[in-house]
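As a basis for the values below, the full set of heavy atoms in this structure was taken, side chains included, without hydrogen atoms, waters or symmetry mates. Chain letters run A, B, ... following the sequence lines, proteins first and then strands; every chain starts at 1.
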There are 2 protein chains.
Amino acid sequence: MSEKDLDTAGKIKEAASQLFIEKGFGRTTTRDIATEAGVNLALVNYYFRSKDELFSTIMTETVQGFIWQLRVLLNDDKTFEEKVELVVSNYIDLLKTRPDLPIFMLSEIRNHPEEMAAKLGIDKLMHEIKFFQELAQRCPEGVHPIHLFMNLLSMTVFPFIGKPVISAATGMNDEAFMMMMEQRRTLIPQWFMSMLKPQE
Amino acid sequence: MSEKDLDTAGKIKEAASQLFIEKGFGRTTTRDIATEAGVNLALVNYYFRSKDELFSTIMTETVQGFIWQLRVLLNDDKTFEEKVELVVSNYIDLLKTRPDLPIFMLSEIRNHPEEMAAKLGIDKLMHEIKFFQELAQRCPEGVHPIHLFMNLLSMTVFPFIGKPVISAATGMNDEAFMMMMEQRRTLIPQWFMSMLKPQE
DNA sequence: GTCTATAAGATGATAGAC
DNA sequence: GTCTATCATCTTATAGAC
């Protein structure tokens with residue numbers, strides 16, 4: 001099956017994913033989804049029992065994709081600093097393509113808390129991945145590693161989340177914003193490494 | 001008029017604000033609002049012409065409140081570092097009370113871009129406030145001040161936005177999260193100051 | 001200003017023909 | 001698997017009595 005020639009269920013998922021990200025769950029109707037997917041309205045309920053179940057399916061796959069990606073990036077044979085650069089670079093690339101993704105995930109997770117939970121396996125991520133052990137060893141005295149990992153994610157992801165406000169506040173256009181994110185691709189790892197304990 | 005004894009329009013605004021933040025615009029109905037406010041359904045449309053206009057009113061007041069607060073915090077007679085500490089501390093306090101506020105604002109701004117715009121006056125904020133001039137002078141060569149201000153906001157606000165995911169990933173409960181944010185109250189200004197050009 | 005009643009339309013979901 | 005037609009419900013909004 002070619003990438004552009006999805007089956008009906010695939011078309012529905014793709015259309016729904018796009019619309020949920022764009023307009024949120026509450027403002028996306030099953031009719032929107034059917035039209036966007038180019039399929040009959042009844043088929044949405046035929047393949048996915050309800051709008052809620054369709055959302056749940058998409059959400060689970062999206063979050064699992066994130067985690068899988070992080071797992072792959074952080075487990076290969078690279079230096080600590082290379083891994084940092086990879087995480088930053090990887091998420092900037094992802095969010096350049098789908099800037100609405102974080103807001104979609106974060107705002108809708110709140111409305112469907114059931115969809116989250118341990119089945120996604122994030123709870124074990126921190127213990128399994130060597131990166132976090134390396135990070136813990138490099139943390140200054142009294143600073144929990146979670147602080148530094150949160151800083152890394154914050155500095156990378158937040159600009160995309162706050163883009164509407166930032167653009168309004170600075171008069172920055174889309175092109176300037178993207179250039180700024182390109183600068184951050186190298187700046188963030190530098191700031192991050194400087195927060196760590198100096199290596200002997 | 002006492003604080004708890006609002007007039008009808010006030011009750012509606014307060015109930016609507018709470019519900020919009022809690023459930024988002026799309027999932028909040030005018031019936032919800034009327035019930036929560038303890039007023040008749042028809043009065044929502046009597047005082048605010050439509051659900052959209054009610055939202056617009058609340059949104060404008062909320063964002064204006066933010067900006068007003070920032071303006072006051074940053075213009076007083078304090079050292080640069082004190083201002084940094086104040087911004088961080090102030091937003092942590094605010095978000096401890098209303099953790100859903102950023103997601104509400106950011107996700108709904110996207111759905112109602114008209115409500116934003118220059119009328120809020122954020123576009124001039126950066127030029128008016130002395131803090132940003134001080135920041136510009138302390139920026140290392142080749143680093144635009146917007147990068148550093150974004151880092152400050154990111155490290156402060158993002159943890160609240162990502163809390164559901166962070167909690168799921170680390171098994172952190174609410175109490176532990178709040179303790180972590182208390183640590184960040186002093187850590188963030190330190191990290192931030194270390195990103196600046198050394199002062200002679 | 002506040003209520004009741006209801007209009008006018010949209011929405012999620014399904015039954016049943018093909 | 002896919003379609004048409006339709007149901008039951010909920011939604012925003014308003015007209016009109018008090």
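Rounded to a whole Å, the CD atom of A:E53 is 11 Å from the P atom of C:dT14. B:N45 places its CG atom 11 Å from the C1' atom of D:dT11, with the value rounded to the nearest Å. For A:R49 and C:dA15, the CZ to P distance is 13 Å, given to the nearest whole Å. The separation between A:R31 atom CZ and D:dT9 atom P is 16 Å, rounded to whole Å. Straight-line distance from the CZ atom of A:F55 to the P atom of C:dA13: 14 Å, rounded to whole Å. The CG-P distance, from B:D52 to D:dT11, rounds to 16 Å in whole Å. Rounded to whole angstrom, the span from the NZ atom of B:K11 across to the P atom of C:dG1 amounts to 13 Å. When rounded to the nearest whole Å, the span between CZ of B:R27 and P of C:dT11 equals 15 Å.
Under the 6.0 Å cut-off for aromatic ring centres, B:F192 and B:F149 do not qualify, their centroids lying 6.0 Å or more apart. Between A:F158 and B:F158, the gap from one ring centroid to the other reaches at least 6.0 Å.
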Find every protein N or O atom lying less than 3.5 Å from an N or O atom of nucleotides 2-5 of chain C, and list the pairs.
{"from": "C:dT2", "atom 1": "OP1", "to": "B:T8", "atom 2": "OG1", "distance (Å)": "3.1"}
{"from": "C:dT2", "atom 1": "OP2", "to": "B:T8", "atom 2": "OG1", "distance (Å)": "3.2"}
{"from": "C:dT2", "atom 1": "OP2", "to": "B:Y47", "atom 2": "OH", "distance (Å)": "2.5"}
{"from": "C:dC3", "atom 1": "OP2", "to": "B:N40", "atom 2": "N", "distance (Å)": "3.3"}
{"from": "C:dT4", "atom 1": "OP2", "to": "B:N40", "atom 2": "ND2", "distance (Å)": "3.2"}

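Within the structure, every pair that satisfies the side chain to side chain donor-acceptor pair (under 3.5 Å) test and touches residues 148-164 of chain B, not counting sequence neighbours, is listed here: A:R184-B:N151, B:K163-B:D174.
Ring orientation note: the planes of A:F55 and A:F25 are nearly perpendicular, at an angle over 60° on the 30°/60° scale.
The phosphate of C:dG12 (OP1 or OP2) has no side-chain N or O of A:S50 nearer than 4.0 angstrom.
For A:F131, the ring-ring contact (aromatic ring centres under 6.0 Å, His included) partners are A:F80, not counting sequence neighbours.
Looking at every heavy atom in both residues, B:T28 comes nearest to B:K23 through OG1-CB, 3.8 Å.
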